[in-house]
Amino acid sequence: MALLKESGERVGVFGVVFDGEEAELNYILAPEYRGKGYASEALLCLMQALDCMEETSEDSHMRVQRFVAEIHKENLSSICLIERLGFTLERTEKKMCFYVKEAGVRNHGQESGTGI
């Protein structure tokens, strides 16, 4: 869950589903907080935390090799967000786009700083 620093109000929910060496990023943002940089900041923090976990973990099943995101083709805002974060389109199937990004990249495309 992502909360605003100043008020503690919930902005959205962000999570990860692990599948082998892949980490699928999942998120949903409250409509009133969309387009304000909160999703970018939360996803950056999540990817950076997973990169750090990979570096410090001796357990190989905790090592993320790549991030994945599955996005509905009509969700242009989410597609733009994930592309700004350095993801590339791997494939499309029916109504979905599948994006990937190699883990371990220090600069994930944007700097954070919106206040979550």
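Computation of the quantities below employed the complete heavy-atom set of this structure, encompassing side-chain atoms and omitting hydrogens, waters and symmetry-equivalent molecules.
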query = Transitively linked via ILVMFWY side-chain contacts under 4.5 Å: Phe14 with Leu4?
reply = yes
Gly15 and Leu46 have their tightest heavy-atom pair at O-CD2, 3.8 Å
If hydrophobic clusters are built from ILVMFWY residues whose side chains come within less than 4.5 Å, do Leu29 and Ile79 share one? yes
Requested in this report: Using the side-chain contact (heavy atoms from CB on, under 4.5 Å) rule, take Gln65 and Glu22 through it: C-alpha gap first, then chi angles, then the decisive distance, then the call.
Outcome: CA-CA 6 Å; Gln65 296 300 312; Glu22 290 186 344; over 6 Å; no
Applying side chain to side chain donor-acceptor pair (under 3.5 Å) to Arg10 and not counting sequence neighbours gives none
Exercise. Can you find a pair of side-chain heavy atoms, one from Glu41 and one from Leu44, that are under 4.5 Å apart?
Worked result: no
Residue pairs meeting salt bridge (Lys or Arg N to Asp or Glu O under 4.0 Å), one or both in residues 69-78, sequence neighbours left out, come to none
Given the options Val16, Asp51, Leu43, Leu85, Phe67 meets side-chain contact (heavy atoms from CB on, under 4.5 Å) only with Asp51
**Request:** Indicate yes or no: at least one non-hydrogen side-chain atom of Ser77 is less than 4.5 angstrom from one of Arg34.
**Result:** no
Those residues at least two apart in sequence (or on a different chain) that pass side chain to side chain contact (heavy atoms under 4.5 Å, CB included) with Glu93 are Arg91, Phe98
On a heavy-atom basis, the closest approach of Leu81 and Ser40 is CD1-OG, 3.0 Å
- Item | Heavy-atom side-chain proximity of Lys101 to Ile82 below 4.5 angstrom | no
Residues passing the side chain to side chain contact (heavy atoms under 4.5 Å, CB included) test with Thr88, sequence neighbours excluded, are Val100
Residue set satisfying ring-ring contact (aromatic ring centres under 6.0 Å, His included) with Tyr27, at least two apart, ordered chain then number -> none
Here the gap from Cys97 atom SG to His72 atom NE2, rounded to the nearest 0.5 Å, amounts to 9.0 Å
Please examine the side chains of Leu50 and Phe18, heavy atoms only from C-beta on, and report whether any two atoms are closer than 4.5 Å. yes
Q.
Let me check something: do Ile71 and Leu89 share a hydrophobic cluster, defined by ILVMFWY side-chain heavy atoms less than 4.5 Å apart, either directly or through other members?
A. yes
Distance col, row Glu32:CD vs Glu9:CD, nearest 0.5 angstrom, shows 7.0 Å
Worksheet item: Taking C-beta and beyond as the side chain, do Gln48 and Cys52 meet within less than 4.5 Å on heavy atoms?
Response: no
By side chain to side chain donor-acceptor pair (under 3.5 Å), Glu24 pairs with (sequence neighbours left out) none
